[in-house]
Amino acid sequence: MRRYVWAVLALLAAGCSARSTQAEGGRLPWTVPHVLRIGIASDPDRLNPYLSEMDVSYDIASLVYSYLIVADARGRLIGDLALAVPSRANGGISPDGRTYVYRLRRNVIWHDGAPFTSADVVASWRAVMDPRNDTFEREGYDEVTSIRTLGRYAIAIRLRRRYPPFVSRFFAPLQEGGKPILPAHVLRRERSFNAGPLSSAPVGTGPFRFVSWARGDRIVLERFDRYFKGRPKLQRIELTVVPNDRSLALALQTHRVDLIAAASPALLPEYRSAAGTVVSTAPWNSQGALFANSSKPALSDSRVRRSIADAVPYDEILRDVAGGSFRPALDSLPPTAIGYRVFAARTQQLENAARELDAAGWRMGPDGTRRRGGTRLDLTLATIAGNAQFERIALLVQASLRRVGIDLAIRTYAYSTIFAAPAGPIYGGTYDLALYSNTLNWDPDVYNFVACDRWYPRGQNIFRYCNPQLDQLERAGLQTDDIARRATIYRAAGRIIWNDVAYVPLYESDRIVVRSSDLREYLPNPTATPWWNAWRWDM
């Protein structure tokens, strides 16, 4: 796998600002010493990260739990509960690519005082794979044919076949669906994994232990003095629910929060006007996109999907919504991935969009909306309520699609509702188009997200997209460890995703970091779970 090299908090002069009013002792007058107050847009649906797809659940998991490996601020893979990342060089991966050995840390303690051992890793894998459990993202875990302990502090795993992405997926928080290690002794006494105590009162080995959850208000975590990497500097973390972007900006300006977990580029002026605030950027494998539900009759036609891609006002989105903080999307993979290639950036092409719709049989009606066989081309766009960035993009897309004869209604959902499974619009498959962003896979393999046999709930293909040629390429990419061969395969796969418009990438984005100038050692990494060094933070 290519080495991932990132600049640590690439603080750009145009994207970084601070206004400070220091009190005696060097702290701002509103800072609570050793207490970090984080503003979050929503409650998590559950605190058991195996049962959630919400970013806030990943964030909390990274504070309470630990993983086998994590990524540092430069995107390098490092051991967490594992002493090292398995590789051929260190003997952690067998020559046939099917056996992995993880050697584990000693003297790690769960928050309830029980010792961590290799049995916890085995029990966690069993929890992932138990068909009675509503676990998200079993991909990679389902390649395991056997897992056994090698004493109390090592495990050996045998795979059914060579599977190059394994290290990046097995109890690693690098992408959507990342899972920490759960306590075997708690799992044994849970009557129901889906509704047991870990969903509301987690027990981890991470730097902070769970204290309380007042739903709709706040989650409180306290320092775990026996954390294996060292005593955390913060005494307490409070995650406060503030349900929309503008209210979050106001909470920052009135000093109710010290850090915004997911800052919107649409509100950069408001953030920069807050006294004692630093606004900066950090690398992130993130992409905003317009997703099409290909199971819907109109959207099953690639010509209609291409027309939508041609109608999007990309320049307006980058200029007027992102304020220059995003970049054009040039591939469906992140720039650091094997097989990344640079396509020509999409631009708005209204004439092309109209021709595609004509060719697909959708004719312009007298009211300005296209019809085919008496059916109007009416679509609905689902996005997140209270998210200023997505609401503004949705309006721009709505106006542009209207110009080519597509009537687009916008429907907003609470963050906790839009991604709810199985009943929410995304997982329930009731949406036509959806607008949101996600963190791209660490490894270029996306079989679970695009394959014909991985429609949710059999996989994470919530787009209901199907292209047998793409499936063949994605399967081939999993059958070799050769980097050059995999790069060739994924370049070909990426061409299909791009040209067939499985979805419409809108932009690539850095992470916008909005924090108090008193928050020290805050260095997010570029993954789906960026808080890898929380034990070093302090206020």
Side-chain angles (χ1 to χ4, degrees), residues 36 38-73 75 77 80-81 124 127-128 134-141 168-182 198-200 202-208 210 213 219 221 237 239-241 259-263 282-288 334 384 387 415-416 418-421 424 426-427 436-443 448-449 460 462 509 511-513 522-535 537:
L36 175 61
I38 303 175
I40 56 177
S42 170
D43 268 320
D45 47 2
R46 284 170 285 196
L47 292 179
N48 183 338
Y50 290 28
L51 306 176
S52 179
E53 282 277 280
M54 296 179 67
D55 289 344
V56 66
S57 295
Y58 301 153
D59 290 344
I60 294 168
S62 68
L63 301 173
V64 173
Y65 288 107
S66 306
Y67 305 81
L68 289 180
I69 64 167
V70 295
D72 67 13
L77 301 189
D80 195 26
L81 287 171
S124 297
V128 173
D134 296 334
T135 303
F136 282 101
E137 303 278 4
R138 290 185 170 96
E139 190 178 21
Y141 301 87
S168 70
R169 293 188 176 162
F170 191 70
F171 297 116
L174 306 179
Q175 56 209 23
E176 306 286 346
K179 294 173 180 61
I181 302 298
L182 300 181
L198 291 178
S199 290
S200 56
V203 177
T205 58
F208 296 90
F210 173 81
W213 180 11
I219 294 169
L221 311 176
I237 293 179
L239 298 105
T240 301
V241 178
L259 171 69
I260 296 180
W284 189 12
N285 281 354
S286 179
Q287 193 174 80
I384 302 168
N387 186 300
Y415 179 70
S416 58
I418 192 169
F419 298 112
I426 304 300
Y427 284 94
Y436 56 91
S437 63
N438 64 351
T439 305
L440 302 176
N441 275 5
W442 190 267
D443 187 271
N448 198 43
F449 294 94
Q460 290 295 307
I462 52 179
S509 61
R511 194 182 304 277
I512 297 175
V513 178
Y522 184 77
L523 300 171
N525 69 29
T527 76
T529 309
W531 294 344
W532 68 283
N533 73 330
W535 79 97
W537 302 348

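Quantities reported herein were computed from a predicted structural model and do not represent experimental measurements.
A528 approaches P530 most closely through the heavy-atom pair O-CD, 3.5 Å. Summarising the geometry of A172 relative to S168, their closest heavy-atom pair is CB-O, 3.6 Å, with the distance given to 0.1 Å. The nearest pair of heavy atoms linking P44 to V56 is CA-CG1, 3.6 Å. Taking each heavy atom of I384 and F419 in turn, the nearest pair found is CD1-CE1, 4.0 Å. Nearest heavy-atom pair, P526 versus A73, reported as atom, atom and distance to 0.1 Å: CD-O, 4.2 Å. I181 approaches Y65 most closely through the heavy-atom pair O-CD2, 3.5 Å.
In this structure the side chain of S57 reaches within 4.5 angstrom of the side chain of D45, judged on heavy atoms. At least one side-chain heavy atom of E176 sits under 4.5 Å from a side-chain heavy atom of D55. Looking at L47 and I219, their side chains come closer than 4.5 Å, going by heavy atoms from C-beta outward. Residues L221 and L239 form a side-chain contact, since some pair of their non-hydrogen atoms from C-beta on lies under 4.5 Å apart. Under the 4.5 Å side-chain criterion, counting only non-hydrogen atoms from C-beta, P49 is not in contact with T529. Using a 4.5 Å heavy-atom threshold, the side chains of F170 and I69 count as separate. Here the side chains of V128 and F171 are in contact, with some heavy-atom distance below 4.5 Å. Residues S416 and M54 have side chains in contact (heavy-atom distance under 4.5 Å, counting atoms from C-beta outward).
Checking each of W535, W531, W537 against P207 for a side chain to side chain contact (heavy atoms under 4.5 Å, CB included) leaves exactly one that passes, namely W535. When each of T240, D59, V241 is tested with I40 by the rule side chain to side chain contact (heavy atoms under 4.5 Å, CB included), just one qualifies, namely V241. Considering D80, N525, V70 in turn, V70 is the only one that fulfils the side chain to side chain contact (heavy atoms under 4.5 Å, CB included) rule with P173.
Annotation: the span from L198 atom CG to L51 atom CG amounts to 9.0 Å, rounded to 0.5 Å. Here F210 contributes atom CZ and L63 contributes atom CG; the two are 12.5 Å apart, rounded to the nearest 0.5 Å. Taken from CG in L36 to CG in L259, the straight-line distance is 5.5 Å, to the nearest 0.5 Å. Annotation: the span from Y415 atom OH to N387 atom CG amounts to 10.0 Å, rounded to 0.5 Å. Between the OG atom in S200 and the CZ atom in R46 there is a gap of 11.5 Å [rounded to 0.5 Å]. To the nearest 0.5 Å, atom CD1 of residue I60 and atom CD1 of residue I237 are 10.5 Å apart.
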| task | Carefully, step by step, assess W284 and T439 under the rule side-chain hydrogen bond (donor to acceptor under 3.5 Å, both in side chains). | result | CA-CA 8 Å; W284 189 12; T439 305; 3.2 Å; yes
| request: Decide side-chain contact (heavy atoms from CB on, under 4.5 Å) for L174 and L77; before the verdict, give the C-alpha distance in whole Å, the side-chain angles of both, and the deciding distance to 0.1 Å. | output: CA-CA 9 Å; L174 306 179; L77 301 189; 3.7 Å; yes
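Judged by distance alone, with hydrogens and angles left aside, the side-chain atoms of R511 form a donor-acceptor pair with the main-chain N or O of T527 at under 3.5 Å. When atom types are taken as modelled, the side chain of Q175 and the backbone of W442 share a donor-acceptor pair closer than 3.5 angstrom. Listed for the S52 side chain is no donor-acceptor partner under 3.5 Å among the backbone atoms of Y58. Between the side chain of K179 and the backbone N or O of F136 there is at least one donor-acceptor pair closer than 3.5 Å.
In this structure, a donor-acceptor pair under 3.5 Å is present between the side chains of W213 and D43.
One finds a salt bridge joining R169 and E139 here, because a Lys/Arg side-chain nitrogen approaches an Asp/Glu carboxylate oxygen to under 4.0 Å.
Checked against the 6.0 Å centroid criterion, the rings of Y141 and Y50 do not qualify as a close aromatic pair.
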